[in-house]
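Taking it in order: structure first as structure tokens, then the write-up.
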Amino acid sequence: MTWTAPRIERTTADGDQLNVPGTTDERVMLEGWLQWHRETLLTKCAGLTAAQLARTAVEPSGLTLLGLVRHMAEIERWWFRRSFNGESVGDVFTGPGDGDEGIEGVDAAHAERDFAAFRAEIEACEAAVAGRGLDETFGYAARGRTVSLRWVYLVMIQEYARHNGHADLLRERTDGATGDYPAPE
């Protein structure tokens, strides 16, 4: 049987991004928007085969939906676990050809494994920041400045938003599907 990316059930009450609480605690809002974007990326992949996920759909770019999933696992790890939490962990995807933060080195044969790694990384990142304050800071050596966990949430939301735009185009070129919601079964 051919593996396909699973259908995503939105965690917001009716699947509506506007249903992320608009008048609640800042942390709830940030976590809600980040969750919305994580789910959006997976929604863009839902129902596609491993081969479709690994296919470049907008030539001459080498970008793929599977590459975006892998990339976001790397970015999650970089910001939440390595940078903020100070964990000494390697890359999620390592080895020859896995450069550019997971975007390269895509192999359809490993799609199911890569999706599992993405989900596991999200769980690990959520655990790394559980109970931590948005005002907690760390030194961001690459830029020579101090940043907060709040800043990391905002960086992650913009990173997903940007790449979800890429995912929109890749999905549309793959099978014509558009929008933020999974296709009805």
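The figures that follow rest on heavy atoms only: side chains count, while hydrogens, waters and symmetry mates do not.
- Interatomic distance, CZ of R113 versus CZ of F93, reported as 6.5 Å (0.5 Å rounding).
- For the atom pair CG of D114 and SG of C45, the computed distance is 11.0 Å after rounding to the nearest 0.5 Å.
- In this structure, E136 does not pair ionically with R150, as no charged nitrogen and carboxylate oxygen lie closer than 4.0 Å.
- Here the closest non-hydrogen pair linking L41 and A167 is CD1-CB, 4.1 Å.
- Side chain of N85 to main chain of E87: no donor-acceptor pair is present (N/O by atom type, distance under 3.5 Å, no hydrogens or angles).
- Formation of a donor-acceptor pair under 3.5 Å by the E31 side chain with backbone atoms of V28 is not found in this model.
- Taking E121 as the reference, R77, R81 meet the side-chain hydrogen bond (donor to acceptor under 3.5 Å, both in side chains) condition, with sequence neighbours excluded.
- Atom CZ of R70 is separated from atom CG of L65 by 13.5 Å, given to the nearest 0.5 angstrom.
- The pair D91-R82 meets the salt-bridge criterion, since a charged nitrogen lies less than 4.0 angstrom from a carboxylate oxygen.
- Under the 3.5 Å distance criterion, with hydrogens and angles disregarded, no donor-acceptor pair is assigned to the side chains of Q35 and Y160.
- Looking at V58 and L63, their side chains never come closer than 4.5 Å, going by heavy atoms from C-beta outward.
- Side-chain contact check for V106 versus L53: every heavy-atom pair is 4.5 Å or farther apart.
- Atom-to-atom distance recorded for I103:CD1 and I75:CD1 is 8.0 Å, nearest 0.5 angstrom.
- Proximity of R38 to E76: side-chain heavy atoms (C-beta onward) are separated by under 4.5 Å at one or more points.
- Of the residues W79, F80, W33, F84, the one that meets the ring pair (Phe, Tyr, Trp, His ring centres under 6.0 Å) test with Y153 is F80.
- Separation of atoms CD (Q52) and OG1 (T174) is listed at 6.5 Å; rounding is to 0.5 Å.
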Quiz prompt | Stepwise side chain to side chain contact (heavy atoms under 4.5 Å, CB included) test for L42 and R119 | solution = CA-CA 10 Å; L42 294 175; R119 289 180 181 269; 3.7 Å; yes
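- Using a 4.5 Å heavy-atom threshold, the side chains of T4 and L48 count as separate.
- Closest heavy-atom contact between A50 and A108: CB-O, 3.2 Å.
- Side chain of T178 to main chain of E172: no donor-acceptor pair is present (N/O by atom type, distance under 3.5 Å, no hydrogens or angles).
- When the options H163, R173, K44 are evaluated for a side chain to side chain donor-acceptor pair (under 3.5 Å) with D168, the one that passes is K44.
- The minimum heavy-atom distance linking A54 with T64 is given by the pair O-CG2, 3.2 Å.
- Expressed to the nearest 0.5 Å, how far CG of L169 lies from CG of N164 amounts to 11.5 Å.
- Side-chain contact, H71 with E159: a donor N or O sits under 3.5 Å from an acceptor N or O.
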Exercise. Report the C-alpha separation of V69 and M72 in whole Å, then their side-chain angles, then the decisive distance to 0.1 Å, and conclude whether the side chain to side chain contact (heavy atoms under 4.5 Å, CB included) test is met.
Key: CA-CA 5 Å; V69 168; M72 292 312 300; over 6 Å; no
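- Counting heavy atoms from C-beta on, the side chains of F115 and L66 come closer than 4.5 Å.
- Side chain of R7 to backbone of T43: no donor-acceptor contact under 3.5 angstrom is found.
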Quiz item: Would V152 and F138 satisfy side chain to side chain contact (heavy atoms under 4.5 Å, CB included), going step by step from the backbone distance to the final call?
Solution: CA-CA 10 Å; V152 172; F138 63 95; 3.6 Å; yes
Practice problem: Give the intermediate values and the outcome of side chain to side chain contact (heavy atoms under 4.5 Å, CB included) for residues T137 and L149. | Solution: CA-CA 6 Å; T137 62; L149 179 58; over 6 Å; no
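- T56 places no side-chain N or O within donor-acceptor distance of the main-chain N or O of E59, the cut-off being under 3.5 Å.
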